[in-house]
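Structure record follows, encoded as C-alpha cells.
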Amino acid sequence: MPAEIEAPLVPRSLEAVQLPTVMIRDILLKTMFRGTLSLVSDLARALCLPIAVTQELVDLCRAQRLIEAMGLQTAGESRGEMPYQLTEAGKARALDALAQSEYYGALPVPMEAYAAQVRRQSIRGNRVTRAALSRAMGDMIVPDALLDRLGPAVGAGRSILMYGPPGNGKSTIAQAIRRALGDEIYVPRAVAHNGQVIAVFDPTVHSPVEALEESPGALRQSVRFDARYVLCRRPAVTTGGELSLDMLDLVHNSAARTYQASLQMKATGGIFIVDDLGRQAEPPQALINRWIVPLEENKDILTLQSGEKIEVPFDTLVIFSTNFHPNALFDQAALRRIFFKIRIGGPSQQDLLKIFTLAGKRAGMTLDEPSLLHLLRCKYPAIGNAYANYQPIFLVDQIKAICDFEGLPYRMTPDLVDRAWANMVIEDEDIAR
C-alpha cells in the first residue's frame with residue numbers, strides 16, 4: 001500500500017494563496033456580484049479560503065473602496081457578522097472582470113503548486129499487492145499467470161495494452177484495476193496559468209470522499225488541507241469508440257471565456273481507459289502519436305485559444321484495450337512506447353466450467369453434467385473450442401429467458417443448451433439481398 005499522501009497546506013495569508021492579488025480580488029468581486037453574497041463566512045466557503053484570509057481580502061477591497069460595510073445586523077439574522085456590499089466602483093470592476101472571464105467562486109491553484117501536489121501523490125508511488133488486485137477482480141476467474149503480468153504493470157503506473165479475442169474481460173479487468181488502487185488523492189477545483197483559469201474537478205469523473213463531512217469533528221477536520229482541493233478516490237476516465245483527438249485538448253467556452261480540463265488532465269493521478277481501441281474515427285496510430293510526449297516525459301502540452309502552449313503534469317496509467325492484434329494497429333516505434341503488452345486470452349476448459357458454476361449459482365439454476373458434456377463434446381468443437389469468459393453467463397441468461405417463456409423451473413438440459421447456443425453462435429450462410 002502507498003504511504004500516506006502529503007496534503008496541500010491550508011493558506012494562512014493572502015500571500016500563501018500564491019496567486020496575483022488582482023486575480024484574487026477580482027474573483028472575490030465577481031463572486032459577490034454573481035452570488036449576491038455579503039457575509040465573510042459565506043464568501044470564505046465560496047472562495048474555499050479560511051475565514052481569516054477572506055477577511056484580509058475583504059479589508060483590502062475596502063481600502064480600495066470596492067467594498068463597503070452595511071452595518072452590523074442582529075445575530076439571529078446574520079450570525080452576528082458584519083455584512084458587506086459592492087460599492088459602485090466595485091460593481092464596475094466586477095462587470096469589467098466578468099467581461100474578461102466569467103469564472104468566479106473557488107480560487108484556482110497555481111499550476112506550479114498543482115504540479116508539486118501531483119508529484120506527491122503520483123500514481124507511480126502506488127503499490128498494488130497481489131491480494132488487493134485479486135480482491136478487485138471479484139468473482140472473475142483470473143489465472144495466476146495473468147495476475148503475474150498485471151500486478152507489475154499496475155504497480156509501475158505506466159501504459160498497458162491489453163489485447164485478445166472479444167468477450168474475455170479486458171474491459172472488466174481495466175475497471176478492476178481502478179478498484180485495486182484503493183486510495184485517495186487531492187484534486188484541484190481549478191488551476192491557474194498566466195491569468196487563465198482551467199476547471200479540473202468534474203463530478204462525473206471525480207468521486208469525493210465524504211467521510212470528513214459526515215464525521216462528528218467535521219468542522220475541525222475540514223481545515224486540515226487547502227479547501228481549493230477536493231479529496232477524491234483516484235479517478236478513472238473511460239472512453240470507447242467515441243474518443244477523438246479534440247477530446248484530449250482543453251475545452252474553451254467562448255461565451256464564458258473559461259477552460260475545462262482535457263480528459264487526460266482530469267484523469268491525473270488515476271487511470272485513463274481507452275476501450276475498443278481500433279473502433280474510433282481516429283486511426284489508432286494517430287491516437288498513440290498524441291500520447292508519445294506524455295507517456296515518455298510525464299508532461300502534456302496543451303494549447304490556449306491565444307495559441308500559447310502550456311505544460312501540465314501527466315501522471316496517468318493509460319490502459320488501451322483492443323480486440324485487434326497490436327501489429328495491426330501500431331508501428332513498432334509506437335509499440336515500443338507502450339510499456340506493458342498483455343494478451344488476455346480465453347479461459348481453459350477447467351476455468352470455463354468454474355465460470356459456469358458461478359453463473360449458475362447467481363442465476364439460481366441447477367447445472368447438470370450431461371448438459372455440460374453436451375456443450376463440450378457437441379457444441380464447442382464446432383467453433384474450434386474457442387472458449388470465452390462471456391459464454392457461460394450468456395448461455396445461462398439465455399436458458400433463464402427460455403425457462404421463463406416456457407414456464408419451466410431454472411435448469412440446464414441439452415435441449416435448452418441447443419436453443420441458447422443458437423442465439424450465441426450465428427452460422428455462416430449467404431443471404432439473398
Side-chain angles (χ1 to χ4, degrees), residues 140-143 145-154 156-178 236-249 262-264 267 271-297 300 314 316-348 351-352 380-391 394 424-431:
M140 286 187 68
I141 304 297
V142 181
L146 180 54
L147 284 178
D148 292 343
R149 300 196 65 191
L150 280 174
V154 176
R158 307 290 288 271
S159 51
I160 302 173
L161 172 63
M162 295 192 297
Y163 66 97
N168 285 306
K170 293 184 293 297
S171 301
T172 306
I173 289 172
Q175 293 295 338
I177 289 172
R178 155 67 182 83
V237 172
T238 302
T239 64
E242 78 283 0
L243 178 64
S244 59
L245 287 174
D246 60 2
M247 295 168 68
L248 306 179
D249 294 328
S262 58
L263 279 181
Q264 72 270 28
I271 63 175
F272 191 109
I273 302 170
V274 182
D275 209 356
D276 288 328
L277 184 66
R279 303 194 185 280
Q280 292 78 16
E282 309 280 359
Q285 187 71 43
L287 289 172
I288 198 66
N289 287 346
R290 172 62 180 81
W291 269 301
I292 284 177
V293 170
L295 290 175
E296 291 196 338
E297 301 184 18
D300 197 9
F314 186 87
T316 308
L317 170 58
V318 182
I319 302 177
F320 302 100
S321 172
T322 182
N323 299 332
F324 297 94
H325 192 282
N327 291 337
L329 299 176
F330 305 120
D331 60 25
Q332 291 305 305
L335 282 175
R336 176 175 59 83
R337 290 178 166 90
I338 299 177
F339 209 68
F340 292 91
K341 277 79 74 174
I342 302 175
R343 186 180 187 280
I344 310 294
S348 65
D351 284 343
L352 183 78
Y380 274 106
I383 60 170
N385 291 323
Y387 305 134
N389 285 287
Y390 83 94
Q391 293 163 349
F394 183 94
M424 186 177 77
V425 178
I426 299 176
E427 296 182 1
D428 290 333
E429 62 175 320
D430 292 326
I431 298 178

Provide the closest heavy-atom pair for [X] versus [Y] in the form atom of the first, atom of the second, distance.
{"X": "Ser159", "Y": "Ile338", "answer": "OG-CA, 3.3 Å"}
{"X": "Leu277", "Y": "Phe324", "answer": "O-CD1, 3.5 Å"}
{"X": "Ile319", "Y": "Ile177", "answer": "CD1-CD1, 3.8 Å"}
{"X": "Asn389", "Y": "Ile141", "answer": "OD1-O, 4.4 Å"}
{"X": "Met162", "Y": "Lys170", "answer": "CE-O, 3.2 Å"}
{"X": "Pro294", "Y": "Asp300", "answer": "CG-OD1, 3.5 Å"}

Contacts of Phe394 that satisfy ring pair (Phe, Tyr, Trp, His ring centres under 6.0 Å) - sequence neighbours left out:
none
Phe330 meets the ring pair (Phe, Tyr, Trp, His ring centres under 6.0 Å) criterion, sequence neighbours left out, with none
With side chains defined as the heavy atoms from C-beta onward, is the minimum distance between [X] and [Y] less than 4.5 Å?
{"X": "Thr322", "Y": "Arg279", "value": "no"}
{"X": "Asn168", "Y": "Pro347", "value": "yes"}
{"X": "Val318", "Y": "Gln264", "value": "no"}

Rounded distance (nearest 0.5 Å) linking atom [atom1] of [X] with atom [atom2] of [Y]:
{"X": "Thr316", "Y": "Leu263", "atom1": "OG1", "atom2": "CG", "result": "11.0 Å"}
{"X": "Ile288", "Y": "Leu329", "atom1": "CD1", "atom2": "CG", "result": "10.0 Å"}
{"X": "Leu287", "Y": "Gln285", "atom1": "CG", "atom2": "CD", "result": "9.5 Å"}
{"X": "Met247", "Y": "Glu282", "atom1": "CE", "atom2": "CD", "result": "10.5 Å"}
{"X": "Asp275", "Y": "Gln280", "atom1": "CG", "atom2": "CD", "result": "9.0 Å"}
{"X": "Asp276", "Y": "Ser171", "atom1": "CG", "atom2": "OG", "result": "6.0 Å"}

Between Leu248 and Trp291, does a side chain to side chain contact (heavy atoms under 4.5 Å, CB included) hold up when you go through it step by step?
CA-CA 10 Å; Leu248 306 179; Trp291 269 301; 4.0 Å; yes
Test side chain to side chain contact (heavy atoms under 4.5 Å, CB included) applied to Leu161 and Leu335, step by step:
CA-CA 9 Å; Leu161 172 63; Leu335 282 175; 4.2 Å; yes
Going by salt bridge (charged side-chain N to carboxylate O under 4.0 Å, His left out), name the pairs with one or both residues in residues 317-346, residues two or more places apart or in two chains.
Glu296-Arg337
Given the rule in the side chain to side chain contact (heavy atoms under 4.5 Å, CB included) test, do Phe340 and Leu150 qualify, once you have shown the distances and angles that lead to the verdict?
CA-CA 9 Å; Phe340 292 91; Leu150 280 174; over 6 Å; no
Checking side chain to side chain contact (heavy atoms under 4.5 Å, CB included) for the pair Leu146/Ile342: CA distance, chi angles, key distance, verdict?
CA-CA 8 Å; Leu146 180 54; Ile342 302 175; 3.7 Å; yes
Keeping Gln391 on the side-chain end and Ala386 on the backbone end, is there a donor-acceptor pair under 3.5 Å?
yes
